[in-house]
Protein chains: 2
Amino acid sequence: MIKSLNKNQIKELIDNSDIALSHQEISKRLERQCDRVTIYRALDKLMEEGFIHRIVDVDGVSKFAACHGCTKNHHHQHVHFSCSVCSSVTCLEEIEPDFSLPEGYQVQEMNITLSGVCPVCSA
Amino acid sequence: MIKSLNKNQIKELIDNSDIALSHQEISKRLERQCDRVTIYRALDKLMEEGFIHRIVDVDGVSKFAACHGCTKNHHHQHVHFSCSVCSSVTCLEEIEPDFSLPEGYQVQEMNITLSGVCPVCSA
DNA sequence: TTATTAACGCAACAGTGTTGCAAATTAAAT
DNA sequence: ATTTAATTTGCAACACTGTTGCGTTAATAA
């Protein structure tokens with residue numbers, strides 16, 4: 001009946017989360033446990049389909065957040081914030097720094113992650 | 001006679017490289033092969049001492065580049081560029097985007113990595 | 001119903017990075 | 001010069017992230 005049960009559930013998790021989720025966090029939050037590989041593949045698909053985007057955290061671990069207004073072409077100029085206290089990564093979609101590069105650079109993607117203390121932890 | 005042979009050699013490698021080097025690349029370039037752990041520890045020390053800084057590449061792998069003007073406190077507001085063709089990561093030290101964050105965010109570090117095609121590969 | 005496609009699980013693997021302990025090397029003190 | 005202390009190194013073992021291949025199950029289309 002239900003198609004791609006895990007994949008849909010993973011999409012729901014990411015959509016309903018206000019912070020970006022790592023593979024590990026997704027695995028923990030899934031009620032019906034599934035194979036690690038299944039999650040990786042679902043995440044790849046969801047990225048392909050333009051539903052989520054990847055953020056590489058300061059420790060090198062990938063986290064995933066919902067896209068707003070991406071189709072096939074991702075455009076994530078926005079800033080991400082990684083809290084060193086609670087380890088959360090959030091999208092600051094309204095913040096899109098602009099800068100000009102020297103001649104010859106062709107930018108395809110950008111990964112901007114600031115780290116420090118988030119408002120919740122610094123309050 | 002020579003103190004911390006490996007550590008100094010690693011520092012030399014990074015200082016003389018125009019691109020940021022990964023652990024793997026450093027290991028290959030070392031004439032006298034040494035243990036993986038030794039390299040990791042040397043890199044940690046060199047970061048502590050303010051000689052190098054870490055850039056997390058888009059694939060989550062750490063790369064290391066020389067610092068210019070850092071002591072203990074690293075300040076790397078500058079942009080990094082990761083080429084998807086030749087896999088090189090370079091520091092664009094002159095490019096320092098500024099933007100203001102909402103109230104409550106305390107920024108300690110920033111990791112800005114643009115990916116695309118570098119001037120050499122796009123020429 | 002059958003054929004095709006997508007999703008899943010399992011096993012195995014490669015790579016990154018960390019920790020503990022012991023040996024060796026370097027620097028300092030007697 | 002000999003002993004002591006502090007660094008540096010090597011080795012083994014481990015945890016974690018991510019990938020690939022293969023066979024199986026489930027869903028969609030013919």
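Protein chains get the first letters and strands the later ones, always in sequence-line order, with residue 1 at the start of each.
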For A/His53 and A/Phe64, indicate whether the former's side chain and the latter's backbone hold a donor-acceptor pair under 3.5 Å. no

Can you list the other members of the hydrophobic cluster that holds A/Val85, where links are side-chain heavy atoms under 4.5 angstrom apart? A/Val117

So which nucleotide from C/dA7, D/dT8, D/dT9 ends up closest to the side chain of B/Lys45? D/dT8

Could you pull out all residues at least two apart from B/Gln24 that satisfy side chain to side chain contact (heavy atoms under 4.5 Å, CB included)? B/Ser22, B/Lys28

How long is the line joining NZ of A/Lys11 and C1' of C/dA7, in whole Å? 17 Å

Given atom CD1 of A/Ile39 and atom P of D/dT19, what is their separation to the nearest angstrom? 13 Å

Polar atom pairs between nucleotides 13-18 of chain D and protein, under 3.5 Å, N or O only, would you list them?
unit_1 : atom_1 : unit_2  : atom_2 : d
D/dG18 : OP1    : A/Ser62 : N      : 3.4
D/dG18 : OP1    : A/Ser62 : OG     : 3.1
D/dG18 : OP2    : A/Tyr40 : OH     : 3.4
D/dG18 : N7     : A/Arg36 : NH2    : 2.6
D/dG18 : O6     : A/Arg36 : NH2    : 3.2

Can you pull out every ring pair (Phe, Tyr, Trp, His ring centres under 6.0 Å) where at least one residue sits in residues 88-123 of chain B? Sequence neighbours excluded, please. A/Phe81-B/Tyr105

Which nucleotide in D/dT9, C/dT18, C/dG9 has an atom nearest any side-chain atom of A/Cys34: C/dG9

Whole Å only: how far is the NZ atom of B/Lys63 from the C1' atom of C/dG17? 16 Å

Qualifying ring pair (Phe, Tyr, Trp, His ring centres under 6.0 Å) pairs with a residue from residues 14-45 of chain A, counting only residues at least two apart or across chains: A/His23-A/Tyr40

Which residues pass the side-chain hydrogen bond (donor to acceptor under 3.5 Å, both in side chains) test with B/Asp15, sequence neighbours left out? B/Lys11

Whole-Å distance between C/dC8 P and A/Gln9 CD? 10 Å

Does A/Asn6 place a side-chain N or O at less than 4.0 Å from the phosphate oxygens OP1/OP2 of C/dA7? no

What integer distance in Å separates B/Asp35:CG from C/dT18:C1'? 12 Å

Find the distance B/Lys7:NZ to D/dT7:C1' and express it as a whole number of Å. 9 Å

Could you tell me how far apart A/Asp44 (CG) and D/dT19 (P) are, to the nearest whole angstrom? 6 Å

So, OP1 or OP2 of C/dG9: does either fall under 4.0 Å of a side-chain N or O from A/Thr38? yes

Give the rounded distance in Å between these two atoms: CG of A/Leu46 and P of C/dA6. 15 Å

Looking at the side chain of B/Arg41, which of D/dT20, D/dT9, D/dT19 is the nearest nucleotide? D/dT9

Do the charged groups of A/Lys7 and A/Glu49 touch, with an N to O distance under 4.0 Å? yes

